[in-house]
Amino acid sequence: MKSVYFDHAATTPVDRRVLERMLPFFCEVYGNPSEIHKQGREARAAVDAARAQVAAAIGAGAKEIVFTAGGTEADNLALFGYLQRFEPGHFIIGATEHPAVMEAARALNRLGWAVDFIPVDEFGTIDLDGYEKAFRDDTRLASVMFANNVVGTIQPVAELARIAHEKGAVFHTDAVQAVGSVPVDVQALGVDMLTISGHKLYGPKGIGALYAKRGTRLTPIIHGGGHERRLRSGTENVPGIVGMGAALEIAVAEMPETKPRLERMRDRMAAAVLDSVPDVKYLGHPTERLPGNVSFTVRYIEGESMLLQLDTHGYMVSSGSACASGSLEPSHVILALGLGAEEAHGSLRVSLGRENTDEEIDGFVEVFPPIVEKLRQMSPLYVKG
Amino acid sequence: MKSVYFDHAATTPVDRRVLERMLPFFCEVYGNPSEIHKQGREARAAVDAARAQVAAAIGAGAKEIVFTAGGTEADNLALFGYLQRFEPGHFIIGATEHPAVMEAARALNRLGWAVDFIPVDEFGTIDLDGYEKAFRDDTRLASVMFANNVVGTIQPVAELARIAHEKGAVFHTDAVQAVGSVPVDVQALGVDMLTISGHKLYGPKGIGALYAKRGTRLTPIIHGGGHERRLRSGTENVPGIVGMGAALEIAVAEMPETKPRLERMRDRMAAAVLDSVPDVKYLGHPTERLPGNVSFTVRYIEGESMLLQLDTHGYMVSSGSACASGSLEPSHVILALGLGAEEAHGSLRVSLGRENTDEEIDGFVEVFPPIVEKLRQMSPLYVKG
Amino acid sequence: MYTDLVMDHFSNPRNVGEIEDADGVGQIGNPVCGDVMRISIDVEDDHIADVKFKTFGCGAAVATSSMVTEMVKGKTLEEAADISNKAVAEALGGLPANKMHCSNLAADALHLAIQDYLVKSGREGEVEQILKALPKEHEHSSH
Amino acid sequence: MYTDLVMDHFSNPRNVGEIEDADGVGQIGNPVCGDVMRISIDVEDDHIADVKFKTFGCGAAVATSSMVTEMVKGKTLEEAADISNKAVAEALGGLPANKMHCSNLAADALHLAIQDYLVKSGREGEVEQILKALPKEHEHSSH
Ligand SMILES: Cc1ncc(COP(=O)(O)O)c(C=O)c1O
Ligand SMILES: Cc1ncc(COP(=O)(O)O)c(C=O)c1O
């Protein structure tokens, strides 16, 4: 049976070219970059080179990049690391943030910080007016994600950063889904902090980075030997760092080709699904969305069961359904768009990646309608119109 | 020129067999273990299997293992994760702890926690009497490392854990240097928490684990999607986890052969160095020490310069000297043994690993004395006796 | 995460559908929770002569529904009433921990169908005797 | 971390040793800090005729000592006094940031040797004029 991976928003395969560049750093150049002998110096040089690659990919300086173990840790470092320098006050996040920001915010809230969650409209775009009004005198930080992981909506980040600065707060954006997929330039955006994750851009898992603009003072959340300019202790994950640098370099270099191709495939797939299955709603913004994100909700049936049926046909996708996520709550992102819980349960996310082909989309569009029909036949909520 | 790696306490090469087992998890089984499609399920199965391997290697249950990004994060999770559930009180650590514990302790101290640093004797063994007396009514935790990373001294962990329990505190041990090198059984030791790091036992960098005994309640230090039984969020580093599981399995299986061989080589090397170079002092415990650790201090000359000279001869070692560590303070470990700052500056650590040979030791013992002599000739402190 | 048997029942569910003019119908769950199961039965001689289900929900919800219909066919009402959600999960070789609560309610739906039959056929007095542990409606919505 | 030139001066240090009955000797640092440099000079016609060093310290300490002896040989006292620690580091192609403070004091040791010469030869009055920026002893111990 063919096997089609349509879940690139969850994670991506490591690009073989990236793996090639990582390989020497397991068994040959295995030194600890803190050591000054030959092995150590070679490892240090590799880390420095990767840091320069990551910095270049987002228009930052090498000293503005802090490597972490992933996007989640980078998000936590941004929020805790920045806010914990102050007495508890107020900060702002978007209503559709990833749990990495959402739960960090909740934990800060338990420590005495007030937090406002800014609503989004039906397309997932942040309510600019509500955002602007939420700032208070003691608002230290606003964090709004660059692009949503469930519905793909891209936020007006530059505008959000500008407003935060006007209000005297710093601005962080979780750009885990964006970096490598769409152009990201920290200078042009004017953000103070920005989160990246390796495994979302054809790099390895277990590596991420926080861009922290020169002058943005942070306290560490992991203490120890003082690595990463004292901001994140722990022996550097050298192959991971090398892989992330290489992956970003490749992603940015190939973006002029990849981005329009994925956008075309995305729009074609969305149109085909909406065309061939009744009672389907497209989720997220019609145009301001990630190149590979096709998200929709199917009435009367539940996400996990669609997902499993698709899986038995070889198509791997994801769902914002409560069942699929292992939690019992339907996706807070989909609820934030104004959909009901029942609809939220029926959501499906197809996230295309650069190895996907038009044939794979054709295949999906062929198998999907009968799956929906089969599940609807089984559903007590479905009364054929 | 030959290249001899004698710095296994800093980090180890990844065993080729370990890399082989990791390789499929970059480009083939690359799924996110949280996803329920085939890729996700295969990744989850790999994580589960590795968790079982890690657990088995230390006599724990699989549910007692929390994967982290390394030893440093695991140490921080143990201290912050356990203590932050309480109102600030008191805890205890050893005087020769790794910065991962030391700096976490300092950070907790800044948050209002009182902390006692228990001194060690000239061999680096913790002062049991002082330890026992340090407990107070509000002592929540004691953390003493299993084996020291600089001088290799192994602590009486079971005894320390027993005393802590008697006093109503939980006991954590940083066993980063011990696991894989000497037998470690959490049941026999009776510890509540124990830290492991992958890259010290021929596994990859960027992965570690905290053993937390069933019933030990922790709060996370990294918040998000609720991975690792809510204790450590972030997409699992699947290849890293697989590598750590494989590396531990191999290390434990081969320990009956590796440990006595390294101990013999260690003792032979120590004797040869002390025999051939005057004014050298062996550091650490004569017998209760890590199998591969040969640590000593050379009077009148400085560690980094020895290290660099050895490096130009192809021997890679480490030093507790201030210069070599990048900080300006001589190693707190060596000062804790009661040595003066000047002596601390002259310390050198040779840490043998399983790929080292007797020939390599012979080579070292040959080149080392003339290096010392050359540097002493250059030293204004040296007056030939 | 799911056993092969769960996946088999999910992919090839047995007894899907609705019995027209069924002797008894039981429904549990609600769409907000993400699981709705409806089981309809025909009863002959105090035995389950036919049973069908419709389910909105995840893989576990579908599989437990399918399994319970298989387990119950031909059984007496009392035997059917003794089948617990736990027994259904066990018959499937187990369910993931997070599916044990909300998605494992097929036996409850069956019990409600039996109750419905007893009430409809004027045997209301026997409900308590036959159905020892009747599910509270929406008991799982509190999770 | 070190440039090739630093490593060259470290591995093959120039002018190691002590001048017997030197015209001037300067020493800076202390073993607690991890760096001690001693420079001895012979002066002829207000020129540095010979210079030697002994250093306890890291690679940077040795290399800067070696470099300063090379830079200074044959120079007038005034020229020698104008050589700064920074200039020594630059002549070596730069030093790692964490080595700039404690291990880069060779020029200071040289200046102390010049001062010693001036004092010993009864030219104490010229010290301030020739040595514009005389190092404070152990100025680096505060780091
Ligand atoms: C928007 C967003 N932020 C953060 C994360 C967390 O990144 P990581 O999995 O590297 O911890 C993810 C993905 O899981 C994400 O999609
Ligand atoms: C005793 C000890 N604890 C903790 C650590 C930190 O581990 P990691 O480098 O995996 O963060 C190390 C090594 O660096 C160590 O030797």
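The shown structure was predicted, so the numbers you read here are calculated from the model rather than taken from an experiment. So you know, we letter chains A, B, ... as the sequences are listed, proteins then strands, and number each from 1. All values below come from the heavy atoms of this structure, side chains included, with hydrogens, waters and symmetry mates left out.
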Residue among B/Ser233, B/Gly71, B/Gly70, B/Gly314 with most heavy-atom pairs under 4.5 Å to chain A = B/Ser233
Less than 4.5 Å apart, any side-chain heavy atom of B/Phe26 and any of A/Met22?
-> yes
Can you name the side-chain contact (heavy atoms from CB on, under 4.5 Å) partners of B/Thr219, sequence neighbours left out?
-> B/Gln84, B/Arg85
Output the option from A/Gln39, A/Lys205, A/Glu73 having the highest count of non-hydrogen pairs under 4.5 Å with chain B.
-> A/Lys205
At a heavy-atom separation under 4.5 Å, does B/Met102 approach chain A through its side chain, its backbone, both, or neither?
-> neither
Residue selection (most heavy-atom pairs with chain B, distance under 4.5 Å) from A/Gly206, A/Pro99, A/Gly40 | A/Pro99
Indicate yes or no for a side-chain donor-acceptor contact from B/Asp311 to the backbone of A/Lys38 under 3.5 Å, with no hydrogens or angles considered.
-> yes
Exam field: side chain A/Asn76 to backbone B/Ile222, donor-acceptor pair closer than 3.5 Å | no
Flag side-chain contact, heavy atom, 4.5 Å: A/Leu307 against B/Ile36 = yes
Of all heavy-atom pairs linking B/His223 and A/Ala104, the shortest is CB-N, 3.7 Å
Salt bridge between A/Arg16 and B/Glu28, side-chain N to carboxylate O under 4.0 Å?
-> yes
For B/Cys27 and A/Pro13, which heavy atoms make the closest approach, and how far apart are they?
-> O-CB, 4.4 Å
Tell me yes or no: between the side chains of B/Asp7 and A/His37, is some donor less than 3.5 Å from an acceptor?
-> yes
Proximity breakdown for B/Arg106 and chain A, heavy-atom pairs closer than 4.5 Å | neither
Shortest non-hydrogen contact between B/Thr11 and A/Gly31, atoms and distance = CG2-C, 3.7 Å
Keeping the roles fixed (side chain from A/Asn32, backbone from B/Ala10), state whether a donor-acceptor pair exists under 3.5 Å.
-> yes
Any side-chain heavy-atom pair of B/Leu23 and A/Leu23 under 4.5 Å = yes
Who wins among A/Val14, A/Val29, A/Leu308 for the most heavy-atom pairs under 4.5 Å with chain B?
-> A/Val14
Which atoms of B/Phe25 come close to chain A, meaning under 4.5 Å heavy atom to heavy atom: side chain ones, backbone ones, both, or neither?
-> neither
So, B/Tyr30 versus A/His199, ring centres under 6.0 angstrom or not?
-> no
Check each atom of A/Thr12 against the heavy atoms of chain B and say whether the ones under 4.5 Å are side chain, backbone, both or neither.
-> backbone
A/Ala69 to B/Ala69 - nearest heavy-atom pair and separation | CB-CB, 3.2 Å
Looking at B/Val317, B/Thr68, B/Val101, which has the largest count of heavy-atom pairs under 4.5 Å with chain A?
-> B/Val317
Nearest heavy-atom pair of B/Gly224 and A/Glu103: which atoms, and what distance?
-> O-CG, 3.3 Å
